[in-house]
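Report on the structure given below.
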2 protein chains.
Amino acid sequence: MAKRSGVLEFAVLGLLHESPMHGYELRKRLNILLGSLRVFSYGSLYPCLKELVARGWLVEDRAAEPQHGAKAAPALGGSAAASRRSKIVYRLTPEGEERFQQLLSDAGPSAWEDENFGVHFAFFGRTDAAIRLRILEGRRSRLEERLDLFRQSVTRTRERLDRYTLEAQRHGLESVEREVRWLNELIQTEHDQQVGPPAT
Amino acid sequence: MAKRSGVLEFAVLGLLHESPMHGYELRKRLNILLGSLRVFSYGSLYPCLKELVARGWLVEDRAAEPQHGAKAAPALGGSAAASRRSKIVYRLTPEGEERFQQLLSDAGPSAWEDENFGVHFAFFGRTDAAIRLRILEGRRSRLEERLDLFRQSVTRTRERLDRYTLEAQRHGLESVEREVRWLNELIQTEHDQQVGPPAT
DNA sequence: GTTAGCATGTAAGGAGTTACATGATTTT
DNA sequence: AAAATCATGTAACTCCTTACATGCTAAC
């Protein structure tokens, strides 16, 4: 039964919201979408798909037609080369669509945690502007809290800690600072767009 | 039973290798050591400690003495303020020490995977120079592979992909490139030290 | 005398991975 | 006809989290 909430579910709904797909292809697109943030194996994808079907958010199209002589359209691997064999194509139901919209509109704390921020961001193109802003700002505060904690612990523990531990901390700190600057730029851009993009 | 291998075990052994400690303090030091890479809860720490004891790598010192009027040495929270109450102090056995050395000398692929690299690096101060170099170089190749895959998928999928997906990919790519540069510096430093630190 | 922080634990479960098992189709 | 790659799946297991339960002690 396993809840299967979280990243994988969201990402699957989002990709199928673009267009129906079968599992194998879905996995590849998933790993492009989340670019190295996360790599999912089939062992988690297929059970997840089954459960999303069980919940009524997806339906399976078992295209059982081109089984014997289906060399008709090799179609050079482009975007619409989908009809090759009896594979299971999944697509969103209206309930699935609704669920995806609901996930998109979630601007609660979980949306800016490490595990989830990436997926939410990946679907910002389909996210309401106000929600986008809240998530970006939430993420920024989250990182700033982390910076504070970090600096506290540095001033408290200094002295000991060898070269490498210090180096790791320095690099970690800079990574977080860098992400904060990135978020600042994104937030600025969002504001600029709210005021109005180059009219006239 | 649960194997409890991996990061937590390694980090616990390493910290207790420095000095004996009880669980609560261990967790704090753990979260400083791994600085935001990872936060462990008590729900994983205590069971882990128990299992390390069961394997003979740790022993518990149940200091059952200062129970009633032990206000003797408040000792201003410094490094040696350890004797407050009947808490369980864990320390490494010779077998635990051996196990830690074994983990330190592991320069196999798992040492440079995302999950493990951080801990290995944190203990570089007690790691053999040759091992350090192999791990750093392994990590760098790992990241370079990732960059290649990434660039391939970019040239293959271009066109579609909205602003935000592209932005996420760009930021991700830059993060990885930045880590590669960091590794290059570290590797350079290691080489310089092998040749000989500022003698005279 | 009550909150806040120190300190230790357990049960249930979530979110995945690994390794395995299978078979169709395309490429060489 | 062999090898590669596409495609789908399952069982067992890992490693960790959440929520709960408990009690001590220091500070206000």
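Throughout, protein chains are lettered first and strands after them, A, B, ... in sequence-line order, and every chain is numbered starting at 1.
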Choose from C:dG9, C:dT17, D:dT8 the nucleotide whose nearest atom is closest to any side-chain atom of A:Ser41.
C:dT17
Can you tell me if B:Ser44 touches the phosphate of D:dC15, counting only side-chain N or O atoms and a distance under 4.0 Å to OP1 or OP2?
no
What's the closest nucleotide to the B:Tyr24 side chain, out of D:dG9, C:dT8, C:dG16?
C:dT8
Within the structure, does a side-chain N or O atom of A:Lys50 lie under 4.0 Å from either OP1 or OP2 of D:dT10?
yes
The side chain of A:Tyr46 lies closest to which of these nucleotides: D:dT10, D:dT8, C:dA7?
D:dT8
Picking from C:dG9, D:dG9, C:dT17, which would you name as closest to the side chain of A:Tyr42?
D:dG9
Atom pair distance, as rounded to whole Å: CD in B:Glu115 and P in C:dG16:
14 Å
Do A:Trp112 and B:Val39 sit in one hydrophobic cluster, given that two such residues count as connected whenever their side-chain heavy atoms are within less than 4.5 Å of each other, even indirectly?
no
Taking the basic N atoms (NZ, or NE/NH1/NH2) and the acidic carboxylate oxygens, is any pair closer than 4.0 Å for B:Glu144 and B:Arg151?
no
So for atom CZ, which belongs to B:Arg134, do other residues, nucleotides or ligands contribute more than 12 heavy atoms lying within a distance under 6.0 Å?
no
For B:Arg38 and D:dT14, what is the distance between atoms CZ and C1' respectively, to the nearest whole Å?
12 Å
For the helix from C:dG1-D:dC28 to C:dT28-D:dA1, what is the angle between the axes at its two ends, each from 5 pairs, rounded to 10°?
30°
NZ of B:Lys87 versus P of C:dG5: gap in Å, rounded?
17 Å
Integer-rounded Å distance: D:dT25 C1' and B:His22 NE2:
13 Å
Would you mind reading off the distance between A:Asn116 atom CG and C:dA15 atom C1', rounded to a whole angstrom?
12 Å
Holding to salt bridge (Lys or Arg N to Asp or Glu O under 4.0 Å), I want the full list of residues that pass it with B:Arg126, two or more places apart in sequence or in another chain.
B:Glu18
Apply ring pair (Phe, Tyr, Trp, His ring centres under 6.0 Å) to A:Phe40 and list each qualifying residue two or more places apart in sequence or on a separate chain.
none
Can you name the ring pair (Phe, Tyr, Trp, His ring centres under 6.0 Å) partners of B:Tyr42, sequence neighbours left out?
B:Tyr24, B:Tyr46
Is there any ring-ring contact (aromatic ring centres under 6.0 Å, His included) pair reaching into residues 166-190 of chain A, and which pairs are they, with sequence neighbours excluded?
A:Phe121-A:Trp182, A:His171-B:Trp182, A:Trp182-B:His171
Nucleotide nearest B:Arg62 when distance is taken to its side chain, options D:dT8, C:dG9, C:dC6:
C:dG9
Looking at D:dC16, C:dG9, C:dG16, which one has an atom nearest to any side-chain atom of B:Val7?
D:dC16
Sequence neighbours excluded - salt bridge (charged side-chain N to carboxylate O under 4.0 Å, His left out) pairs with any residue from residues 107-125 of chain B:
B:Glu113-B:Arg142, B:Asp114-B:Arg139, B:Asp114-B:Arg146
Any idea which of D:dG9, C:dT10, D:dC16 is nearest the B:Pro47 side chain?
C:dT10
Between B:Glu60 and B:Lys28, which residue's closest nucleotide on DNA chain C lies nearer the 5′ terminus?
B:Lys28
To the nearest Å, how far apart are A:Glu51 CD and C:dG16 P?
11 Å
Residue B:Ile88, side-chain heavy atoms: nucleotide from D:dA7, C:dT8, D:dG9 that is nearest
C:dT8
With respect to the phosphate group of D:dC6, does any side-chain polar atom (N or O) of A:Arg27 fall under 4.0 Å of OP1 or OP2?
no
Which listed nucleotide (D:dT8, C:dG16, D:dT18) is nearest to the side chain of A:Leu8?
C:dG16
If I take atom CG in residue B:Leu45 and atom P in nucleotide D:dC16, what distance separates them, rounded to the nearest angstrom?
11 Å
